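Please read the structure below before turning to the comments.
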Amino acid sequence: MTEDYTPPKVWTPNKENGGKFASINRPTAGKTHDKELSVGKHPLQLYSLATPNGQKVTIMLEELLEAGHTGAEYDAWLIDIGEGDQFSSGFVDVNPNSKIPALMDHSVTPAQRVFESGSILLYLAEKFGAFLPKDSAARTETLNWLFWQMGAGPYLGGGFGHFYAYAPVKIEYAIDRFTMEVKRQLDLLDQRLADNRFIAGEEYTIADMAIFPWYGRLITGGAYGDAATFLDAASYKNLHRWQQEIAARPAVQRGQMVNATSGDPSKQLRERHDASDFQTRTQDKLEA
(Lines give C-alpha, C1' and ligand atoms only; values in the text may rest on other atoms or scores of the structure.)
Protein backbone atom coordinates (compact mmCIF):
# COMPACT_ATOMS: atom_id res chain seq x y z
CA MET A 1 0.00 0.00 0.00
CA THR A 2 1.44 3.37 -1.03
CA GLU A 3 0.36 7.00 -0.68
CA ASP A 4 0.19 7.41 -4.47
CA TYR A 5 -2.37 5.05 -5.90
CA THR A 6 -3.65 4.87 -9.45
CA PRO A 7 -6.70 2.60 -9.78
CA PRO A 8 -6.31 -0.14 -12.40
CA LYS A 9 -8.70 -0.34 -15.32
CA VAL A 10 -10.27 -3.48 -13.78
CA TRP A 11 -10.14 -3.97 -10.01
CA THR A 12 -9.10 -7.27 -8.43
CA PRO A 13 -9.07 -7.95 -4.68
CA ASN A 14 -5.84 -7.65 -2.72
CA LYS A 15 -6.05 -9.58 0.55
CA GLU A 16 -3.16 -7.59 2.01
CA ASN A 17 -5.31 -4.46 1.92
CA GLY A 18 -8.24 -5.93 3.81
CA GLY A 19 -7.15 -5.09 7.34
CA LYS A 20 -8.77 -6.82 10.29
CA PHE A 21 -11.61 -8.35 8.29
CA ALA A 22 -9.66 -9.48 5.23
CA SER A 23 -10.34 -13.16 5.95
CA ILE A 24 -14.12 -12.77 5.64
CA ASN A 25 -14.42 -10.00 3.03
CA ARG A 26 -14.95 -11.07 -0.55
CA PRO A 27 -16.42 -9.48 -3.69
CA THR A 28 -18.95 -12.25 -4.38
CA ALA A 29 -22.21 -13.32 -2.73
CA GLY A 30 -23.55 -16.77 -1.93
CA LYS A 31 -22.62 -19.77 0.16
CA THR A 32 -19.11 -21.10 0.70
CA HIS A 33 -20.12 -24.33 2.42
CA ASP A 34 -23.14 -26.48 3.20
CA LYS A 35 -24.50 -26.37 6.73
CA GLU A 36 -28.08 -26.26 7.92
CA LEU A 37 -29.16 -23.86 10.65
CA SER A 38 -30.32 -25.16 14.02
CA VAL A 39 -33.98 -24.73 14.92
CA GLY A 40 -35.17 -24.52 18.53
CA LYS A 41 -38.50 -24.82 20.27
CA HIS A 42 -39.86 -21.29 19.75
CA PRO A 43 -41.59 -19.88 16.67
CA LEU A 44 -39.01 -17.08 16.40
CA GLN A 45 -35.51 -18.24 15.48
CA LEU A 46 -32.77 -15.61 15.51
CA TYR A 47 -29.34 -16.13 13.96
CA SER A 48 -27.03 -13.38 15.08
CA LEU A 49 -24.05 -11.94 16.93
CA ALA A 50 -23.99 -9.14 19.51
CA THR A 51 -22.75 -6.45 17.16
CA PRO A 52 -24.73 -3.17 17.23
CA ASN A 53 -26.98 -4.49 14.46
CA GLY A 54 -27.51 -7.77 16.27
CA GLN A 55 -28.29 -6.03 19.56
CA LYS A 56 -31.08 -4.02 17.95
CA VAL A 57 -33.12 -7.20 17.50
CA THR A 58 -32.33 -8.91 20.82
CA ILE A 59 -33.21 -5.66 22.63
CA MET A 60 -36.51 -5.56 20.74
CA LEU A 61 -37.32 -9.18 21.57
CA GLU A 62 -36.49 -8.71 25.25
CA GLU A 63 -38.57 -5.52 25.35
CA LEU A 64 -41.52 -7.39 23.85
CA LEU A 65 -41.22 -10.09 26.49
CA GLU A 66 -40.85 -7.47 29.23
CA ALA A 67 -44.08 -5.90 27.98
CA GLY A 68 -45.92 -9.22 28.26
CA HIS A 69 -45.89 -10.41 24.64
CA THR A 70 -45.31 -14.11 25.33
CA GLY A 71 -45.42 -14.88 21.61
CA ALA A 72 -42.06 -13.14 21.29
CA GLU A 73 -40.21 -15.99 23.00
CA TYR A 74 -37.25 -16.88 20.84
CA ASP A 75 -34.16 -18.98 20.32
CA ALA A 76 -30.99 -17.01 19.56
CA TRP A 77 -28.27 -18.96 17.78
CA LEU A 78 -24.71 -17.66 17.57
CA ILE A 79 -23.35 -16.84 14.12
CA ASP A 80 -19.58 -16.47 14.35
CA ILE A 81 -18.82 -14.09 11.49
CA GLY A 82 -15.08 -14.39 12.11
CA GLU A 83 -15.37 -18.08 11.22
CA GLY A 84 -17.58 -17.45 8.20
CA ASP A 85 -20.80 -18.93 9.61
CA GLN A 86 -22.75 -16.31 7.66
CA PHE A 87 -21.68 -17.96 4.41
CA SER A 88 -23.24 -21.34 5.22
CA SER A 89 -25.99 -22.60 2.94
CA GLY A 90 -28.52 -22.42 5.76
CA PHE A 91 -27.75 -18.83 6.65
CA VAL A 92 -27.67 -17.70 3.03
CA ASP A 93 -31.16 -19.17 2.62
CA VAL A 94 -32.37 -16.82 5.37
CA ASN A 95 -30.27 -13.83 4.33
CA PRO A 96 -28.78 -13.94 0.82
CA ASN A 97 -26.66 -10.91 1.78
CA SER A 98 -24.80 -12.98 4.44
CA LYS A 99 -25.10 -10.35 7.19
CA ILE A 100 -26.41 -10.74 10.72
CA PRO A 101 -29.01 -10.56 12.14
CA ALA A 102 -31.45 -12.84 10.37
CA LEU A 103 -34.80 -14.10 11.66
CA MET A 104 -37.13 -16.94 10.79
CA ASP A 105 -40.74 -16.71 11.95
CA HIS A 106 -42.22 -20.23 12.13
CA SER A 107 -45.53 -19.01 13.55
CA VAL A 108 -46.76 -18.41 9.98
CA THR A 109 -47.10 -20.80 7.06
CA PRO A 110 -44.92 -20.87 5.13
CA ALA A 111 -42.25 -19.71 7.56
CA GLN A 112 -41.21 -16.13 6.92
CA ARG A 113 -37.61 -15.04 6.63
CA VAL A 114 -36.73 -11.50 7.68
CA PHE A 115 -33.33 -9.93 7.16
CA GLU A 116 -31.78 -6.47 7.68
CA SER A 117 -32.03 -5.24 11.26
CA GLY A 118 -34.39 -2.36 10.46
CA SER A 119 -36.73 -4.68 8.60
CA ILE A 120 -36.75 -7.10 11.54
CA LEU A 121 -37.58 -4.28 14.00
CA LEU A 122 -40.45 -3.10 11.81
CA TYR A 123 -41.71 -6.66 11.26
CA LEU A 124 -41.80 -7.41 14.99
CA ALA A 125 -43.34 -4.03 15.85
CA GLU A 126 -46.17 -4.66 13.41
CA LYS A 127 -46.56 -8.31 14.38
CA PHE A 128 -47.00 -7.51 18.08
CA GLY A 129 -48.42 -3.99 17.82
CA ALA A 130 -45.71 -2.56 20.05
CA PHE A 131 -43.03 0.16 20.07
CA LEU A 132 -44.39 1.73 16.88
CA PRO A 133 -47.03 4.44 17.37
CA LYS A 134 -50.40 3.94 15.75
CA ASP A 135 -50.92 7.65 15.17
CA SER A 136 -49.87 8.38 11.58
CA ALA A 137 -47.67 11.38 12.34
CA ALA A 138 -45.89 9.69 15.26
CA ARG A 139 -45.47 6.47 13.28
CA THR A 140 -43.94 8.36 10.37
CA GLU A 141 -41.56 10.22 12.67
CA THR A 142 -40.45 6.92 14.19
CA LEU A 143 -39.80 5.44 10.76
CA ASN A 144 -37.96 8.62 9.72
CA TRP A 145 -35.41 8.01 12.46
CA LEU A 146 -35.31 4.24 11.98
CA PHE A 147 -34.37 4.65 8.34
CA TRP A 148 -32.03 7.50 9.20
CA GLN A 149 -30.08 5.07 11.37
CA MET A 150 -30.05 2.42 8.68
CA GLY A 151 -28.50 4.91 6.30
CA ALA A 152 -26.19 6.62 8.81
CA GLY A 153 -24.95 3.55 10.67
CA PRO A 154 -22.84 2.12 7.82
CA TYR A 155 -21.07 5.47 7.57
CA LEU A 156 -20.29 5.31 11.27
CA GLY A 157 -19.18 1.67 11.39
CA GLY A 158 -17.93 0.98 7.89
CA GLY A 159 -16.43 4.42 7.43
CA PHE A 160 -15.23 6.03 10.62
CA GLY A 161 -14.77 2.80 12.56
CA HIS A 162 -12.82 1.13 9.78
CA PHE A 163 -10.39 3.94 9.02
CA TYR A 164 -9.95 5.08 12.63
CA ALA A 165 -9.62 1.70 14.32
CA TYR A 166 -9.24 -1.16 11.85
CA ALA A 167 -7.42 -0.05 8.69
CA PRO A 168 -3.83 -1.31 8.49
CA VAL A 169 -2.57 2.24 7.90
CA LYS A 170 -3.81 5.61 9.17
CA ILE A 171 -5.00 7.79 6.30
CA GLU A 172 -5.56 11.38 7.44
CA TYR A 173 -7.92 12.28 4.61
CA ALA A 174 -10.16 9.24 5.22
CA ILE A 175 -10.24 9.73 9.00
CA ASP A 176 -10.99 13.44 8.67
CA ARG A 177 -13.71 12.83 6.09
CA PHE A 178 -15.56 10.25 8.16
CA THR A 179 -15.00 12.03 11.48
CA MET A 180 -16.64 15.14 10.06
CA GLU A 181 -19.78 13.17 9.23
CA VAL A 182 -19.87 11.25 12.52
CA LYS A 183 -19.58 14.52 14.46
CA ARG A 184 -22.46 15.90 12.41
CA GLN A 185 -24.55 12.83 13.24
CA LEU A 186 -23.81 13.16 16.95
CA ASP A 187 -24.70 16.85 16.88
CA LEU A 188 -27.95 16.06 15.06
CA LEU A 189 -28.96 13.54 17.71
CA ASP A 190 -27.92 15.87 20.52
CA GLN A 191 -30.05 18.68 19.11
CA ARG A 192 -32.99 16.34 18.61
CA LEU A 193 -32.81 15.10 22.20
CA ALA A 194 -32.64 18.61 23.61
CA ASP A 195 -36.42 18.88 23.13
CA ASN A 196 -37.47 15.22 23.12
CA ARG A 197 -37.20 12.52 25.76
CA PHE A 198 -36.74 9.83 23.11
CA ILE A 199 -35.63 9.95 19.50
CA ALA A 200 -39.09 10.06 17.92
CA GLY A 201 -40.72 12.11 20.68
CA GLU A 202 -42.00 11.27 24.15
CA GLU A 203 -42.55 7.58 23.39
CA TYR A 204 -39.88 4.85 23.46
CA THR A 205 -39.87 3.18 20.04
CA ILE A 206 -37.97 0.99 17.63
CA ALA A 207 -36.09 4.13 16.59
CA ASP A 208 -34.41 4.21 20.02
CA MET A 209 -33.66 0.49 19.79
CA ALA A 210 -32.00 0.99 16.41
CA ILE A 211 -29.90 4.00 17.39
CA PHE A 212 -28.84 3.05 20.93
CA PRO A 213 -26.50 0.11 20.14
CA TRP A 214 -24.54 2.25 17.69
CA TYR A 215 -24.42 5.73 19.18
CA GLY A 216 -24.94 4.88 22.84
CA ARG A 217 -22.00 2.51 22.63
CA LEU A 218 -19.82 4.99 20.77
CA ILE A 219 -20.22 7.94 23.15
CA THR A 220 -19.51 5.83 26.25
CA GLY A 221 -16.22 4.45 24.96
CA GLY A 222 -17.46 1.04 23.90
CA ALA A 223 -16.45 1.25 20.25
CA TYR A 224 -13.30 1.77 18.21
CA GLY A 225 -10.75 2.09 20.99
CA ASP A 226 -10.43 5.65 22.26
CA ALA A 227 -12.85 7.02 19.67
CA ALA A 228 -15.08 8.63 22.33
CA THR A 229 -12.19 10.86 23.40
CA PHE A 230 -11.18 11.57 19.80
CA LEU A 231 -14.74 12.65 18.98
CA ASP A 232 -15.15 14.71 22.20
CA ALA A 233 -18.25 12.59 22.85
CA ALA A 234 -18.63 13.93 26.39
CA SER A 235 -19.76 17.27 24.94
CA TYR A 236 -23.04 15.79 23.66
CA LYS A 237 -24.94 16.17 26.95
CA ASN A 238 -28.44 15.42 25.69
CA LEU A 239 -27.27 12.29 23.93
CA HIS A 240 -25.64 11.09 27.15
CA ARG A 241 -28.85 11.73 29.11
CA TRP A 242 -30.78 9.60 26.62
CA GLN A 243 -28.11 6.90 26.62
CA GLN A 244 -28.23 6.57 30.38
CA GLU A 245 -32.01 6.22 30.42
CA ILE A 246 -32.01 3.54 27.71
CA ALA A 247 -29.09 1.65 29.26
CA ALA A 248 -30.94 1.37 32.58
CA ARG A 249 -33.82 -0.60 31.04
CA PRO A 250 -33.67 -4.30 32.12
CA ALA A 251 -34.66 -5.54 28.66
CA VAL A 252 -31.87 -3.51 27.07
CA GLN A 253 -29.36 -4.97 29.52
CA ARG A 254 -30.50 -8.50 28.68
CA GLY A 255 -30.61 -7.79 24.97
CA GLN A 256 -26.98 -6.70 24.95
CA MET A 257 -25.95 -10.00 26.52
CA VAL A 258 -27.50 -12.29 23.91
CA ASN A 259 -24.99 -13.73 21.40
CA ALA A 260 -22.15 -11.79 23.07
CA THR A 261 -18.73 -13.40 22.74
CA SER A 262 -16.44 -10.78 24.29
CA GLY A 263 -16.16 -8.70 27.43
CA ASP A 264 -17.22 -9.71 30.92
CA PRO A 265 -18.07 -13.46 30.84
CA SER A 266 -20.99 -12.82 33.20
CA LYS A 267 -22.50 -10.61 30.47
CA GLN A 268 -22.10 -13.16 27.70
CA LEU A 269 -25.07 -15.37 26.83
CA ARG A 270 -23.79 -16.90 23.66
CA GLU A 271 -27.04 -18.74 22.92
CA ARG A 272 -30.45 -17.93 24.36
CA HIS A 273 -33.24 -20.49 24.41
CA ASP A 274 -35.15 -19.64 27.59
CA ALA A 275 -35.54 -16.66 29.91
CA SER A 276 -33.82 -18.65 32.66
CA ASP A 277 -30.63 -18.78 30.58
CA PHE A 278 -29.67 -15.31 31.83
CA GLN A 279 -29.32 -16.78 35.32
CA THR A 280 -27.91 -20.20 34.46
CA ARG A 281 -26.05 -20.19 31.15
CA THR A 282 -23.87 -17.07 31.02
CA GLN A 283 -20.28 -17.77 30.02
CA ASP A 284 -18.86 -17.40 33.52
CA LYS A 285 -21.15 -20.16 34.78
CA LEU A 286 -20.46 -22.44 31.83
CA GLU A 287 -16.70 -22.03 32.25
CA ALA A 288 -16.94 -22.70 35.98
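Both backbone and side-chain heavy atoms feed into the values below; hydrogens, waters and symmetry mates do not. Keep in mind the model is a prediction, meaning the values are calculated, not measured.
- Ion pair D105/K127 flagged as a salt bridge, since at least one NZ, NE, NH1 or NH2 atom sits closer than 4.0 Å to an Asp/Glu carboxylate oxygen.
- The side-chain contact (heavy atoms from CB on, under 4.5 Å) with Y47 is formed by just one residue from the set N95, I100, I79; it is I79.
- W145 has its ring centre no less than 6.0 Å from the ring centre of Y215.
- A cation-pi arrangement is not found for R249 relative to F212, the charged atom failing to lie both closer than 6.0 Å to the ring centre and inside a 45° cone about the ring normal.
- When side chains are defined from C-beta on, E73 does not count as touching L44, because their heavy atoms never get closer than 4.5 Å.
- Y123 and F115 are assigned to two separate hydrophobic clusters, defined by single-linkage of ILVMFWY side chains at heavy-atom distances under 4.5 Å.
- Follow the hydrophobic side-chain contacts under 4.5 Å out from M60 and you reach F278 in the same cluster.
- Closest approach of L46 and S48 over heavy atoms only: CG-CB, 3.9 Å.
- In the model, D264 has no side-chain atom that pairs as donor or acceptor with a side-chain atom of Q268 under 3.5 Å.
- Classified by interplanar angle (parallel below 30°, tilted 30° to 60°, perpendicular above 60°), the ring pair F178/F163 is parallel.
- Taking the charged nitrogens against the carboxylate oxygens, R177 and E172 have no contact shorter than 4.0 Å, which rules out a salt bridge.
- P27 approaches W11 most closely through the heavy-atom pair CB-CZ3, 4.0 Å.
- Contact detail for I219 and H240: the closest heavy-atom pair is O-CE1, 3.4 Å.
- Applying the 6.0 Å contact sphere to NZ of K170 captures more than 12 heavy atoms from other residues, nucleotides or ligands.
- Using a 4.5 Å heavy-atom threshold, the side chains of N53 and P101 count as touching.
- With F87 as the fixed residue, the side-chain contact (heavy atoms from CB on, under 4.5 Å) test singles out one of R26, K31, K35: R26.
- Counting heavy atoms from C-beta on, the side chains of D274 and D75 never come closer than 4.5 Å.
- Put simply, the side chain of Q45 does not reach to within 4.5 Å of the side chain of Y74, judged on heavy atoms.
- A salt bridge is defined here as a Lys NZ or Arg NE, NH1 or NH2 lying under 4.0 Å from an Asp or Glu carboxylate O, and E141 with R192 meets this definition.
- D232 contributes atom CG, which lies 12.5 Å from atom OG1 of T179 (distance to the nearest 0.5 angstrom).
- Minimum interatomic distance between Q55 and P213 (heavy atoms only, all atoms of both residues): OE1-CB, 3.8 Å.
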Note to self: Under the criterion side-chain contact (heavy atoms from CB on, under 4.5 Å), I'd like the reasoning laid out for S89 against H33: C-alpha separation, chi angles, the key distance, then a yes or no.
What the structure shows: CA-CA 6 Å; S89 57; H33 59 285; over 6 Å; no
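- Note that the CE atom of M209 and the CZ atom of F131 stand 4.5 Å from one another [nearest 0.5 Å].
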Next item on the list: Could you go through the side-chain contact (heavy atoms from CB on, under 4.5 Å) check for Y236 and L189 one step at a time?
Entry: CA-CA 9 Å; Y236 302 102; L189 291 172; over 6 Å; no
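- Using cut-offs of 30° and 60° on the angle between ring planes, the pair F230 and F160 is parallel.
- Linking ILVMFWY side-chain heavy atoms closer than 4.5 Å, directly or via other members, places L188 and Y155 in a single hydrophobic cluster.
- H69 and F128 have their aromatic ring centers within a separation under 6.0 angstrom.
- A heavy-atom distance below 4.5 Å is found between the side chains of R281 and L286.
- Distance alone, capped at 3.5 Å, is enough to place a donor-acceptor pair between the R217 side chain and the G222 backbone.
- One distance of note links CD of Q86 with OG1 of T32; it measures 8.0 Å at 0.5 Å rounding.
- Note on R254 versus E62: salt bridge recorded, some NZ/NE/NH1/NH2 to OD/OE distance being below 4.0 Å.
- Heavy-atom minimum distance, A228 versus L218: CB-O, 3.5 Å.
- Heavy atoms only, all atoms of each residue included: L37 and S88 are closest at CD2-OG, 4.4 Å.
- R270 places a side-chain heavy atom less than 4.5 Å from the side chain of Q283.
- Taking the side chain as every heavy atom from C-beta outward, L49 and D80 never approach each other to under 4.5 Å.
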Next item on the list: Apply side-chain contact (heavy atoms from CB on, under 4.5 Å) to the pair L143 and L122, showing each step before the final yes or no.
Entry: CA-CA 9 Å; L143 295 181; L122 181 56; 3.9 Å; yes
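- Distance NE2/H273 to NZ/K41: 9.5 Å, rounded to 0.5 Å.
- Residue F147 is grouped with residue L156 when hydrophobic side chains (ILVMFWY) are merged at heavy-atom distances under 4.5 angstrom, including chains of intermediate members.
- Here E63 contributes atom CD and T58 contributes atom OG1; the two are 10.5 Å apart, rounded to the nearest 0.5 Å.
- In this structure, D208 CG and F198 CZ are separated by 6.0 Å, a value rounded to the nearest 0.5 Å.
- Using a 4.5 Å cut-off between side-chain heavy atoms of Ile, Leu, Val, Met, Phe, Trp and Tyr, with links allowed through other members, W148 and M180 fall into different hydrophobic clusters.
- A salt bridge links R197 with E245: the closest approach of a Lys/Arg side-chain nitrogen to an acidic carboxylate oxygen falls below 4.0 angstrom.
- When each of L193, N196, D190 is checked for a side-chain contact (heavy atoms from CB on, under 4.5 Å) with W242, only L193 meets the rule.
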Margin query: Walk me through whether E116 and K56 qualify under salt bridge (Lys or Arg N to Asp or Glu O under 4.0 Å).
Written below: CA-CA 11 Å; E116 288 297 321; K56 294 178 193 177; over 6 Å; no
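- Between I199 and T205 there is no side-chain heavy-atom pair separated by less than 4.5 Å.
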Checklist line | Intermediate values then yes/no, side-chain contact (heavy atoms from CB on, under 4.5 Å), V92 and S98 | finding: CA-CA 6 Å; V92 170; S98 293; 3.5 Å; yes
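- The 12-atom threshold is not exceeded at NZ of K267, counting heavy atoms of other residues, nucleotides or ligands nearer than 6.0 Å.
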